[in-house]
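Notes to accompany the following structure.
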Amino acid sequence: RLRKWQRRIRVSNATERNLAFALSELDRMASALGLPRTVRETAAVVYRKAVDKNLIRGRSIEGVAAAALYAACRQCSVPRTLDEIEEVSRVSRKEIGRTYRFISRELALKLMPTSPIDYVPRFCSGLNLKGEVQSKSVEILRQASEKELTSGRGPTGVAAAAIYIASILCGERRTQREVADVAGVTEVTIRNRYKELAEELDIEIIL
Amino acid sequence: MSESSIKIENVVASTKLAEEFDLTLIESQFEGAEYNKQKFPGLVYRVSDPKAAFLVFTSGKVVCTGAKNVADVHTVIGNMAKKLNSIGIKTIENPQITVQNIVASADLHTILNLNAIAIGLGLENIEYEPEQFPGLVYRIDEPKVVVLIFSSGKLVVTGGKSPEDCERGVEVVRQQLDNMGLL
DNA sequence: ACTTTACTTTGGAAAGC
DNA sequence: GCTTTAAAAAGTAAAGT
């Protein structure tokens, strides 16, 4: 009986220790990414659900924590790319993506693919662009979506192109390099996307 | 009726041509053969009549990939057996050839809204992460194949054991999209 | 800017780490 | 899980001209 009692304490300690480690990892990564408390709490909820369903078996705590944070950002509509999560975690992008798919399926998170619109506020503030430009960007993205110009394209690239166009239309032009840097895509991608958007949405860009 | 106009792009098959092989010997006799035991346990050998690539193992088992037809698979494996015989290696007479996987492409000839398809097919049944890959991944149970759906309307079907599996897979997708009014 | 090469995803077998 | 093979889809990326 005593053995069983001690074992329970040991298991309990290990479980609590692992949970504490996971939560500290979530906090560390969230801080590094400057994420608000709500996102950290959401990530903690996702992680705890994963623990309750024994989804950690065969997976690293760091990996599940990173995947939980990635999922939480999307649930809260403040998405971070897998590359950004990878930068603050100790796990590879491949592992994070793999773990994300797993917990997303097992916990039935049913998340829609990231919308380019959700990247607009963050990218615009990173470029010191006002609300007017943000609104214009969102308007462009809604039109782009209606005209089927976003399926299969990277959300960050499409968002970057819309912001690039909006900044010009609003008289607060940002260069492709500046937009590319905050969006984490190349100038070539911005160029390809903005040309397609300008042409299909009949937007005149005067440089 | 439903000639999906599937184009087979690659056929993967396996078979056993002998009880064992001396891969070092084959490497020295076959022009272009690559064999690095520490890198990979199989010997790599490419042929070009019907184009294909072989992975030959010491167990006598062989994997054939890259063929464009199921018939070509039998042809190139037959040629491979003859080449082995020509350097003094005996092979099993009528090797049992198993097609393990077929990759095919198709086209629905319509621009598709992948977000709508994701919802229509059910988020729990698909995988669509445009940040990582432009195609929507749809796994079908019957036939057991995986279909990659692109916004261009082009498809890639893989996992099938026969050309019929691939064609049926395309039909299942076509019909489901049609029923949802997404075609 | 344009071209070329290359990596992302899917599936399966092989022998071994 | 990884390693190696082949091939398509479309997007993105990097390197060389």
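First the proteins, then the strands, lettered A, B, ... as listed; each starts at 1. Here the structure is a predicted model, which means the values were calculated and not measured.
Mapping A:Arg191 and B:Lys144 onto DNA chain C by nearest heavy atom places A:Arg191 closer to the 5' end of the strand. The residue among B:Lys161 and B:Ser59 whose nearest nucleotide of DNA chain C lies closer to the 5′ end is B:Lys161. Map B:Phe133 and B:Gly66 each onto its nearest nucleotide of DNA chain D; the residue landing nearer the 5' end is B:Gly66.
OP1 or OP2 of C:dT9 sits under 4.0 Å from a side-chain N or O of B:Gln132. In this structure, A:Thr186 reaches the D:dA13 phosphate: one of its side-chain N or O atoms is under 4.0 Å from OP1 or OP2. Within the 4.0 Å cut-off from OP1 or OP2 of D:dA13, at least one side-chain nitrogen or oxygen of A:Thr189 is found. Here A:Arg101 reaches the OP1 or OP2 of C:dT10: one of its side-chain N or O atoms lies under 4.0 Å away. OP1 and OP2 of C:dT8 both lie 4.0 Å or more from every side-chain N or O belonging to A:Arg93. Remark: A:Arg193 is in phosphate contact with D:dT12, judged by side-chain N or O atoms under 4.0 Å from OP1 or OP2. Distances shown here put a side-chain N or O of B:Lys51 below 4.0 Å from the OP1 or OP2 atom of D:dA7. Close to C:dA1, at under 4.0 Å from its OP1 or OP2, lies a side-chain N or O of A:Lys195. When the side-chain nitrogen and oxygen atoms of A:Arg98 are compared with OP1 and OP2 of D:dC2, one or more of them lie within a distance under 4.0 Å.
A cation-pi geometry, defined here as NZ or CZ lying under 6.0 Å from the six-membered ring centre and within 45° of its normal, does not hold between A:Arg174 and A:Tyr164.
With B:Lys16 as reference, B:Ile92 is the one residue of B:Ile92, B:Ile97, B:Thr98 to meet the side-chain contact (heavy atoms from CB on, under 4.5 Å) rule.
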Review point. Taking only Watson-Crick and G-U wobble pairs with both distances under 3.5 Å, what dot-bracket line describes DNA chain D, where [ ] shows pairs that cross earlier ones and | shows pairs with another strand?
Key: |||||..|.||||||||
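As a whole-Å value, the separation of B:Leu155 CG from C:dG11 P is 16 Å. Rounded to whole Å, atom P of D:dA7 lies 16 Å from atom CD1 of B:Ile102. Atom-to-atom, CD of B:Gln38 to P of C:dA15 comes out at 18 Å; the value is rounded to the nearest Å. In this entry the distance linking NZ of B:Lys61 with C1' of D:dT5 reads 18 Å, nearest Å. Distance, B:Gln100 CD to D:dT4 P: 20 Å, rounded to whole Å.
For B:Val12, taking side-chain heavy atoms from C-beta onward, the closest of the listed nucleotides D:dT4, D:dA10, C:dG12 is C:dG12. Among D:dC2, D:dA8, C:dT10, the nucleotide with an atom closest to any side-chain atom of B:Glu127 is C:dT10. In this structure, the nucleotide among D:dA6, D:dA8, D:dG11 sitting nearest to the side chain of A:Arg153 is D:dG11. Candidate nucleotides C:dG11, D:dA9, C:dA14 were compared by shortest atom distance to the side chain of B:Thr158, and C:dG11 ranks first. Side-chain proximity of B:Pro41 to the nucleotides D:dT3, D:dT5, C:dA14 is greatest for D:dT3.
If you check every strand for non-hydrogen atoms under 4.0 Å, A:Gly154 touches sugar and phosphate atoms only.
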